[in-house]
Structures are given as structure tokens and as C-alpha cells.
Amino acid sequence: MRGQLGQVLLATIASTVGFWAWMLIAPLQKTYADEMGLDEGQISLMLATPVLVGALGRIVVGALTDRFGGRRMFVAVLLLSAPAVLLVALAGEIKSFPLLLVAGFYLGVAGTIFAVGVPFASAWYEPKRRGFANGVFGMGMIGTAVSAFFTPRLAESIGYLPTHFLVAGIMVAMAVIVWFFLRDSPAWESSRQPLIPKVKGALKLRITWEMAFLYGIVFGGFVAFSTFLPKYLTTIYPDDVDPVGAGSRTALFAVAAVVARPLGGALSDRVGPKVISLISLAGIVSLAYIVGQQPPEGILTGITFILMAAAMGLGMGAVFAWIGPSTPKDKVGAVTGVVAAAGGLGGYFPPLIMGATYNAETNSYALGLWLLVIVGAVALVVAGMLKDARPGAKV
């Protein structure tokens, strides 16, 4: 197990690149909306499409990782996603909304990279430290912050097309680095079980459904806000926030979740993931209520969003710390894929709901935010009823 942290960190960097590509459309949503004349529904669909594919694809990718290993699957996801970035560039250049939807669908492949890293990182550490390992790997979602912060700035400084060429080039370069320097854990063993039976086996486990529901709230909420926050801020506070400023705020949101995620995993290793999950969900519910009041743009709004992101990050770390000691070794990848897919699906529907429930007369997304409060409260009750997975527990 020598060099285990270095291997997990390299996987984290690869995940960061994948997340950057996955969230490439959202930071430029206002540009697409203005140039293509998109309405609220079309904008929501454009933002949600990559999330849907990235979610469902994780089921397949997680199971394939059990068979082929993290090294091969990281390379495959990065190389397969690079052309999608170029297709997005083409769609934006010719101002074609149908092509942009197709490109966004393809771009969702990049979002499946998360389902590669969790079984990869878990195999490098003993069960009692897998919360920490998955928390560190989970920091790769900082790619959403990288995308929110750098994409609009690069588009302004070097141009729209060169920005997408740069991202695609980085993905290919990262794939090469992974191929030569990443290696699977000596403890990892290839599973030859066929894909469909493996997924069915994961779906038969109670822990899969329990964690899928919780992860759909914590990670789904994170993905939804990372995708929709630039749109939300420029709509609710049009005189105070421009697209670049919205990107900066979204980046801070993502960073807060990224920092909190490994903390959630490490704390779960110590006190159990149930306690951390309850703290996370209670924070999400209370902070979503405050956001729903649409306070004036300023310090209160900024702090509220950052604290909400941190609460989501704690929950993400706790959920995957819960999976490790509660799942049979040969099913970790498949269970991870299903749970990760549920998290992605949790991020798919909110942008659509926010667009559908937007009240133009009052310029408000209050109804959509109230739905988050209600669902979060239900998750809080459910989590309180579940059996905890104590640190070091064995299946």
C-alpha cells in the first residue's frame, strides 16, 4: 500500500478535470441564452442534460470499474469526453440550440468519472479509513469551482473556441498522465461478474437504496446549485451580479463543499456517518429556508450559500463513509455507481423544477426552494431511522 495517498490525490486531480468538463455549459449559460434567444424552460433543459447522462452513466461506469480497474476507466472517461467539449464549442459557435443539447448529452460522460474514483480510492485503504480516502477523492468536485471561475474568464480573455480547445487538451494530457503514473491498489481484484447481474445484485442490497436517497439530497443539491446558481444569481439580483461575478460566487460555493467533504468523511470514521449525516441534513433544511426568503444580495446571502455548500459537503463525505463498511467488497463499485447515479439524478430535476416554478411577476424561485426544504426534512427523518455504520465495521 506504499504511496496510497499519492495515488488517491492523482485520481482526485483527474476527477477535477472531468468535473470541469462536465460543468462547462453552466458558466456560459447567459451567453447561450442571449445569443440563441432561450426561454426559462430551454435554459433549464440545457443545464440539466449533462447532469442526467452523468448520473445514469455512473451505474455502468461503477460496475465496469470493478472489472477493469480505476486506471483504465479514468483514461477511458477522459478520452471519451474530450470530443464532447469540442462539440459544445461547435454548437455555441454556430448558435444551434438542438446541437447544444446533443453536445450536452454527450458531455455527461465526463460526469461519470466520480464512479471510477470511489472504488479506486476505497481499495487503497482499510475499511476504517475509507471515509477519509473517499473524502479526499471527493475533493475532485472542485472542478465545478474551476469551471465556474475560469471558464467565463478564459472565454473573455482568449475567446470562446480557444477556451474549449484548452479544456479538451487538458483532458487528453490528464489521460496520458493517468496511464503512466496511476496504478490500481494491490488489494484490488477484478470482478468477472457480468454487468447486469452485478447491478441487480447492488439493487438488492438495502444499503444501496438508503444511501441513494440520502446522496440524492446532499450531492444532488450540490450539483443543482453548482449548475443553476449562475442563472439564479443573475436573475434574482440582475443589478448586483454579472456573469463573471456569478461565476466567482459559484466557485466559492463549490470550494466550501469540497473543503467540507473530506472533513465529513474523517469525522464519520471517528463518530459514525449517521451523526454527520443528521448534522448535514439539518443544516441544509435550515439554510434552504433562509435562501427561500430571498434576502438582499450581500454578506448574508453569501454566507448562507457557503454554509449550505459546507453542509452538503459534510453529507457527501458521510454517505460514502457509510457505504464502505456496509457493503460487500465485490459490490463496492456497483453500489457506488448506483448511489452516485442517484446523486446525479438529484441534481438533474431541481434546475427543471426551478425553471418551471419561477414566478416572473415576483421574480422568485421560492416555490422550488420550499420543495428543497420539504425533501430535506423527509431525508432528515429517514436518516434518523437508519442503522449506523460504526468505524471499522465489517460486513
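Partners of F228 under the ring pair (Phe, Tyr, Trp, His ring centres under 6.0 Å) rule, at least two apart in sequence or in another chain, are Y365. The side-chain contact (heavy atoms from CB on, under 4.5 Å) search around V378 returns F213, V382, not counting sequence neighbours. The ring pair (Phe, Tyr, Trp, His ring centres under 6.0 Å) check on F105 picks up nothing, with sequence neighbours excluded. Take A91 and apply the side-chain contact (heavy atoms from CB on, under 4.5 Å) test, not counting sequence neighbours, and it matches L99, L100. In this structure F165 satisfies the ring pair (Phe, Tyr, Trp, His ring centres under 6.0 Å) test with no other residue, sequence neighbours excluded.
Residues V381 make up the rest of the hydrophobic cluster containing M385, defined by ILVMFWY side-chain heavy atoms closer than 4.5 Å, directly or through other members.
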Can you give the donor-acceptor pairs under 3.5 Å from side chains of residues 304-311 to other protein atoms, not counting sequence neighbours?
from	atom 1	to	atom 2	distance (Å)
T304	OG1	L300	O	2.7

For residues 166-181, run the donor-acceptor check on the side chains, cut-off 3.5 Å, and write out each pair with its distance to 0.1 Å, sequence neighbours left out.
none

Side-chain donor/acceptor pairs under 3.5 Å, residues 17-29, sequence neighbours excluded:
from	atom 1	to	atom 2	distance (Å)
W20	NE1	T151	OG1	3.1
W22	NE1	P50	O	2.8

Compile the donor-acceptor pairs under 3.5 Å between side chains in residues 236-244 and protein atoms, sequence neighbours left out, one pair per line.
from	atom 1	to	atom 2	distance (Å)
Y237	OH	P295	O	2.5
D242	OD1	V244	N	3.3
D242	OD1	G245	N	2.6

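Counting only residues at least two apart or on different chains, no side chain to side chain donor-acceptor pair (under 3.5 Å) pair has a member in residues 87-116. Sorted by first and then second residue, the pairs that involve residues 201-212 and meet side chain to side chain donor-acceptor pair (under 3.5 Å), not counting sequence neighbours, are R206-E210.
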